[in-house]
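Beneath this line is the structure, given in C-alpha cells, with notes to follow.
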Amino acid sequence: MEAAAIYHRPDSEFAYLYQPGDFRVRLRTKRDDVKEVQCFYMDPYDAADSYQTISMSKIADTETFDYWEASLDVAHKRVQYDFKVVGQDGVAVLYGDRGVFPFAPQLIASAGNPFRQPYFHEIDRFKEPDWVRHTVWYQIFPERFANGDVNNDPKGIKPWNSELTPGRTDYYGGDLQGIIDHLDYLQELGINGLYLCPIFKAYSNHKYDTIDYLEVDPDFGDKEVFQKLVVEAHRRGMKVMLDAVFNHMGDRSVQWQDVVVNEQKSKFADWFHINKFPVAFKETDDFEKANELTYDTFAYTPHMPKLNTANPEVRDYLVNVATYWINEFDIDAWRLDVANEVDHRFWRHFADACHAAKKDFYILGEVWHSSQPWLMGDQFSAVMNYAFTETVVNGFVKKTLTPQRMVDGLNYQRMLYQRQVNEVMLNTLDSHDTARLLTVCDDNKDLLRQTVAFTFLQEGEPCIYYGSEVGMDGGNDPDCRKPMNWNEATQDHQLFAFYQDLIKLRLANADLLTQGDLEWTIVDDQRGLIQVTRTGEEKQVIGTFNLGDESQDVSSLKLDENQQLSQSFVGQVLGQQGYVIQVKPRG
C-alpha cells in the first residue's frame, strides 16, 4: 500500500457540514491500492473507548486516486475522527492528524492523533440557494437578442441578420424590451432562469467597460423597462441574474476621467492601480491591446483600468451597487466577470451584503480554473464550471479524451468541492466568450444533442446560450455574438423540441440529478460506451451514451424500449452519437 498517497484535510472539501448534523468526511488513496476504509469517530469529550465505526464508500476515482466518503451522524456539533486504511496487500494503517501509523486498536482515538472539528458553526456551513438546483439558465447577450424599441437604437445599427459575422464594434439594436417581448417564447422553451450580460451604461456593445453601474445603458432602455422585465420574469417563475464586472471600469467613467485630468491630485487616484503618472499607454493596431501601460488593466486593454477593491471607498461604492439592484429591482443573482482577479476580502464584504439584502441570493463567479478559495461559503455560491464542461467537450466532441479519461476528469473536478457546491455550479457548453457548440461539433446536430443530453444529467445547472435551441452557430468572439435568429423559416424546430423535452426531464428530476448518488456503471474505452446512473430515494435516472465509431448491440443492458429520451436507438442497437435516458423506480 502506498501510504504517501493517503490524504485528508479538515475544514475543506474533505471535511464539511453538508446539512445540520450531517458531517461528510472524504479520504483520498492511490487508485486501486486500498480495499477497505473505516472511520472511527466520537465526541472529543467522551471516553476514548466510546468511538463509533462506519465503513466508507468509494464515491469516485481518477487516473491516480480513489476517493472515499462517509456521512457521520454527529449529536453535539463537534467530532474527532481517524481512519483505518486496509490495502489490497493486507497492510493496515491508522491515519490521523499526526500522520500514518501501523494499525493497532489501542491507537484509535488516542490523544492528539484524531482529526478534530471543534464545533459546527452554522454560519460557516456552505448554504446553497435551494431554488438554483431547480433552474435551467438561458444566457442573453442583450445587444443581440431582440430589438423591441427602435426609439433607443444607437446610430448606425446594422440590419438584423443572424447569418453574418458581426464586427467587434457593430450595433444591432437589441434591448430590454426585446427580452420582455420574448418571455413567452422562453417560457415555452421551459427556461426559468435569465442570465443577462451587462446592462449598465457603458461605451461598448458588450458593456463590460462600465461607465455607470447605477444606470441602465440608454441603448437598452431605462430602469422602468428593467423593472418591468424583472416583474414579468418573476410572474412566469423565472429568476433574473445580472452580470457585472467589478475588477475594472471603463475609461469613459467619471472616476477615470478625473484621474486623467487631475492625475495624483484626483480624489479617485487611489481607486485604481496606477504605477506612474500621468496615466498613459502606447497604442497598437488592436483596440483591445496596448503597450507601455502606466496603470494596471484587464489583460492589456487600456480602456479597462483595474479597480483597487482594497480601497474602502471603492469597496463601499461597489457593495452599494450590488445591494441597490437587489433592493430596488429584486434581482436574484449576480454573475461576476473576471472574479478571480479581485481580492478575497472584497468578495467577503460583497457576499455578506448580498445575503443580508436577500437571504437566498445566488453569487456566481467567473473562474476558469480550480476555485476552492472562492467556494468555502463566505464568497461565491458557485463558479462557471468551465473546467467541468470543457472536459465533457473534449470527451464527446473533440475526442481528445478517452471515455475513461473523461470520467476521471469529471470525477477530479467533483472532488475539488463540497457536495452542495457541485449541486449549484453553472454548466455551460458555450457562451459569449467561446465558439458555439454547434460549430465546435462541425454542424453535427446529433453530436450536439448527445453532448447536451449528457450535460443535463450532471450535477450543477445547465445553461443554454441564446439561439442554441434553434441551431445558431458561430466561431469565437465576435462570431458567437450574432443576432438571434427569429426567422421561423430557418429556425430548427426539431432542435427546439429536443431542448424542450430535455428541460422538462431535467426540471422533473432536479433533486435527483443534483443530490442523488452518482455511479459510472459502464465506462468502456474499447466500445466507447458510457453509462451514468443517478439514484435517489425512489427512482433512478440512467443515461447510456455511445461515444464510439460504430453502432453497439446493447441488448445485454436490457434498456427499456419505452425510454424517456433517446437518439439512434432501435431494436437494442445504439448507433453513433446515440443515447438513451431512462427514468425508472429505484430497484
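This one's a predicted model, so the numbers in the text were calculated from it and none came from an experiment.
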Would you please classify the geometry between the Phe272 ring and the Trp256 ring as parallel, tilted or perpendicular, with 30° and 60° separating the classes? perpendicular
Take the angle between the ring planes of Trp347 and Phe350 and call it parallel below 30°, perpendicular above 60°, tilted in between.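 Correct class here is perpendicular.
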Just checking, is any N or O donor in the side chain of [X] or [Y] under 3.5 Å from an acceptor N or O on the other one?
{"X": "Glu390", "Y": "Asn394", "answer": "no"}
{"X": "Arg419", "Y": "Asn422", "answer": "no"}
{"X": "Asn161", "Y": "Tyr172", "answer": "no"}

Carboxylate-amine/guanidinium contact [X] [Y], below 4.0 Å:
{"X": "Asp479", "Y": "Arg436", "result": "no"}
{"X": "Arg348", "Y": "Asp378", "result": "yes"}
{"X": "Arg506", "Y": "Asp501", "result": "no"}

So do the side chains of [X] and [Y] get within less than 4.5 Å of each other, counting heavy atoms only?
{"X": "Asn147", "Y": "Ile157", "value": "yes"}
{"X": "Phe246", "Y": "Thr210", "value": "no"}
{"X": "Phe141", "Y": "Cys480", "value": "no"}

With Asp217, which of Lys207, Lys223, Arg252 fulfils salt bridge (charged side-chain N to carboxylate O under 4.0 Å, His left out)?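 Only match with Asp217 under salt bridge (charged side-chain N to carboxylate O under 4.0 Å, His left out): Lys207.
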Salt bridge (Lys or Arg N to Asp or Glu O under 4.0 Å) between Arg236 and Glu232: does it pass, once the steps are laid out? CA-CA 7 Å; Arg236 292 168 172 82; Glu232 288 297 317; 2.9 Å; yes
Only one of Thr309, Val245, Leu307, Leu318 passes side-chain contact (heavy atoms from CB on, under 4.5 Å) with Val342; say which it is. Thr309
Given His303 and Asp209, is the side chain to side chain contact (heavy atoms under 4.5 Å, CB included) satisfied, shown in steps? CA-CA 7 Å; His303 310 291; Asp209 49 354; 5.5 Å; no
From Arg449, Gln450, Lys445, residue fulfilling side chain to side chain donor-acceptor pair (under 3.5 Å) relative to Gln567: Arg449
Distance-minimising heavy-atom pair for Val392 and Leu410: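 In terms of heavy atoms, the two residues are closest at CG2-CD2, 3.9 Å.
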Pair Trp486-His182, side chain to side chain contact (heavy atoms under 4.5 Å, CB included): steps then yes or no: CA-CA 10 Å; Trp486 292 115; His182 292 90; 3.2 Å; yes
